[in-house]
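I have placed the structure first, in the form of structure tokens, so that the comments after it can refer back to it.
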Amino acid sequence: MTLFGRRGQAATETARDFLQRNEVPLRWVDLDRDPLAAFLSDEQMETAIQPMALFADGSLLEAPENYAEPMPGRLDPARSSDYLASAVWRTELATRAGLPTRPRHDDYDLIVLGAGPAGLTAAVYAASEGQRTLIVEFHAPGGQAGTSSRIENYLGFPDGVSGAELAESAYRQAQRLGAEFLIGVLLVHARPQADGSVEVEFSSGSAIRARSGVIATGVAYRRLDFDIDQLIGRGVRYGSPSGEALRFADRRVAVIGGANSAGQAALHLARHAAQVTLLVRGDSLDRGMSRYLVDRIERHDRIAVRTRTEAVGADGRDRLESLAIEGPEGEQTLPTDALFVLIGAEPLTAGVEDWLRRDDRGYFMTGPDLLQSSDRSWWPLERDPLFLESSQPGLFVAGDVRHGSIKRVASAVGEGAMAASLVHSYLAALDRNSP
Ligand SMILES: Cc1cc2nc3c(=O)[nH]c(=O)nc-3n(C[C@H](O)[C@H](O)[C@H](O)COP(=O)(O)OP(=O)(O)OC[C@H]3O[C@@H](n4cnc5c(N)ncnc54)[C@H](O)[C@@H]3O)c2cc1C
């Protein structure tokens, strides 16, 4: 297929990333640079809503008029019809590109939502135990981990592993063991039924019923808006450095962010790093950080705080070497060996957020955390919720989207495996108790 569009347009960038990450053979025509653009009529250039996909059978697919990224962290209720149109467009793009978008059955033992490390692991274990498993992914198998150029700390890979490689092997493994995938498909609506199953509708227009579910939809990190993605995993990391301070002994490290997570990261790294620079857009740390952290940071002789300062560029051949920063003294170069970006993350809960209990930041509550509330009227059973079980019996949560999760590949994999085992026990108990 051929994709026509312009760089920088949200729908174009998303479509390219979606097709490339799913390894769809693609000819990309940049309307501002590619000589092929000259073959389009003036009318096509003017009226087509870009991006426009041209398929081998001659058919065209245009993006919706008001494209809205359907999986932002926080949904704007006023744009719900734009989200839906954009999700349906992506699903149509996936269907015509030959990706699986329609379920083969009406009923499943388990639906897994999200094919990041947590969802893929849950699908591998559940399918290998013989459960009819459907796994639904809106973007591409691998999730956030699939976007990392090198994961250094995942067990069993002494030289690191690329996120794409890890995603591809896990995807093949889950398929080989019998899990069925839908790709480019968004869950648009889910409702629990009286018999304890869940009815789910997808952006492909199809619907299924599942006896149990694992929600593993992850989080969306707010991203930097300059060219830095090629250095992710090569010195640049979104998220916290928990437990890894020693790796940065005698290194120059920068942390971007002004909230508690950034403050904790800076203090943690400063235990061993030669120098930690905290880059904060606001004019003081007090605006977003707790006082006790501010005090410790200000007293620390290896942490430098640069307020009213933003990173605007990054440089490095194989690894990050320096950042371009802009602040009160103008633009400067900051030699940097490692960068942690902590400018906010939102849990991805679209489609199920209105009926499952969440914490005040939107993460799903599970198991013992749910029991901290004295009001139990929302829980219909005599037994307590199982570990990783949400406020809906039979619906489990694994990975980054869960309240209290540790945002790491290994933790997501562990929770995915545990969720599959809990699903197994839950379904076995249902079968035992059914007449
Ligand atoms: C750039 C980067 C580098 C990282 N490097 C490391 C590292 O080196 N080591 C490490 O341990 N951790 C690293 N992490 C963190 C790690 O990748 C995450 O903790 C891990 O991927 C979380 O797995 P998950 O399955 O919970 O969620 P995710 O990986 O976020 O996967 C969730 C999936 O669900 C899909 N989804 C969401 N909503 C829906 C919906 N409604 N319908 C269908 N699909 C949906 C998403 O498209 C996504 O693919 C990194 C993260 C990033 C962003």
Side-chain angles (χ1 to χ4, degrees), residues 14 17-18 21-22 69-73 75 83 87 90-91 94 101 111-123 134-155 157 160-163 166-167 170-171 181-190 200-204 214-224 228-244 247 338-342 345-353 363-364 397-402 405-416 419:
T14 305
D17 190 61
F18 171 70
R21 277 193 61 198
N22 284 297
E69 175 53 45
M71 262 194 345
L75 294 165
Y83 295 135
R90 172 126 34 129
T91 305
T101 55
I111 178 169
V112 179
L113 201 57
L120 284 166
T121 310
L134 180 71
I135 174 163
V136 183
E137 168 57 52
F138 187 53
H139 202 65
Q144 298 167 62
T147 66
S148 174
S149 47
R150 191 139 291 268
I151 297 166
E152 304 269 6
N153 53 0
Y154 187 54
L155 188 74
F157 295 91
V161 57
S162 85
L166 193 64
Y171 178 37
F181 278 78
L182 301 184
I183 309 250
V185 172
L186 191 70
L187 175 151
V188 289
H189 195 63
V200 180
E201 285 169 38
F202 301 117
S203 51
S204 54
V214 172
I215 300 172
T217 43
V219 299
Y221 281 98
R222 229 167 275 150
R223 306 292 282 239
L224 294 171
I228 195 171
D229 281 6
Q230 72 284 4
L231 293 170
I232 289 174
R234 300 175 195 278
V236 175
R237 162 90 68 83
Y238 282 86
S240 320
S242 41
E244 291 176 84
R247 282 187 53 215
L339 169 69
F340 289 86
V341 185
L342 288 151
E346 304 275 4
L348 293 173
T349 57
V352 277
E353 77 281 1
Y363 290 82
F364 290 119
V397 184
D400 282 12
V401 75
R402 192 178 68 78
S405 59
I406 294 167
K407 313 246 171 331
R408 286 281 170 277
V409 176
S411 319
V413 164
E415 290 192 10

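One-based numbering, in listed order, for ligands and for the atoms of each.
- Within the 4.5 Å cutoff, side-chain heavy atoms of Y363 are placed close to those of V219.
- Put simply, the side chain of T91 gets close to the backbone of G184: a donor and an acceptor are under 3.5 Å apart.
- Ring centroids of Y171 and F181 are separated by less than 6.0 Å, placing the two rings close together.
- Counting only non-hydrogen atoms, the option in L186, L155, I151, V136 that gets closest to atom 40 (C) of ligand 1 is L186.
- Annotation: cation-pi geometry satisfied between R223 and Y238 (NZ/CZ under 6.0 angstrom from ring centroid, within 45° of ring axis).
- Residue nearest to atom 47 (O) of ligand 1, selected from R223, E137, H139: E137 (by heavy-atom distance).
- Atom numbering of ligand 1 starts at 1 in the shown order; those under 4.0 Å from a heavy atom of G116 are 25 (O), 29 (O), 31 (O), 33 (C).
- Side-chain atoms of T217 come within 3.5 Å of backbone atoms of L348 as a donor-acceptor pair (strictly under, hydrogens ignored).
- Close approach of ligand 1 to K407 is summarised as follows: ligand atoms under 4.0 Å from at least one heavy atom of the residue are 15 (C), 19 (O).
- One distance of note links CG of L339 with CZ of R234; it measures 15.5 Å at 0.5 Å rounding.
- Under 4.0 angstrom from ligand 1, the non-hydrogen atoms of V185 all belong to its backbone.
- Judged by distance alone, the side chain of S203 and the main-chain N or O of L186 form a donor-acceptor pair under 3.5 Å.
- Not a single heavy atom of L120 sits less than 4.0 Å from an atom of ligand 1.
- Ligand 1 has no nitrogen or oxygen under 3.5 angstrom from a nitrogen or oxygen of Y238.
- Atoms of ligand 1 found under 4.0 Å from any heavy atom of V219 (numbered from 1 in listed order, with element): 30 (O).
- At under 3.5 Å, a nitrogen or oxygen of A118, whether backbone or side chain, sits near a nitrogen or oxygen of ligand 1.
- Relative to atom 11 (O) of ligand 1, the option among I215, T217, V413, V409 with the closest non-hydrogen atom is V409.
- Comparing A216, G114, G143 against atom 32 (C) of ligand 1, the shortest heavy-atom distance belongs to A216.
- Between A412 and ligand 1, no pair of N/O atoms sits closer than 3.5 Å.
- For E201 (side chain) and V188 (main-chain N/O), no donor-acceptor pair under 3.5 Å exists by modelled atom type.
- Below 4.0 Å from some heavy atom of L187 lie the following atoms of ligand 1, by number and element: 42 (N).
- Heavy-atom proximity to G399, at under 4.0 Å, picks out these atoms of ligand 1: 26 (O).
- Using a 4.5 Å heavy-atom threshold, the side chains of P141 and N22 count as touching.
- For the pair Q144 and ligand 1, the shortest N or O to N or O distance falls below 3.5 Å.
- Here's the thing with F138: one of its N/O atoms is less than 3.5 angstrom from an N/O atom of ligand 1.
- At a 4.0 Å cut-off, not a single heavy atom of G239 sits close enough to ligand 1 to count as contact.
- With sequence neighbours excluded, the residues forming a side chain to side chain contact (heavy atoms under 4.5 Å, CB included) with D17 are R21, H139, listed by chain and number.
- For E137 (side chain) and G114 (main-chain N/O), no donor-acceptor pair under 3.5 Å exists by modelled atom type.
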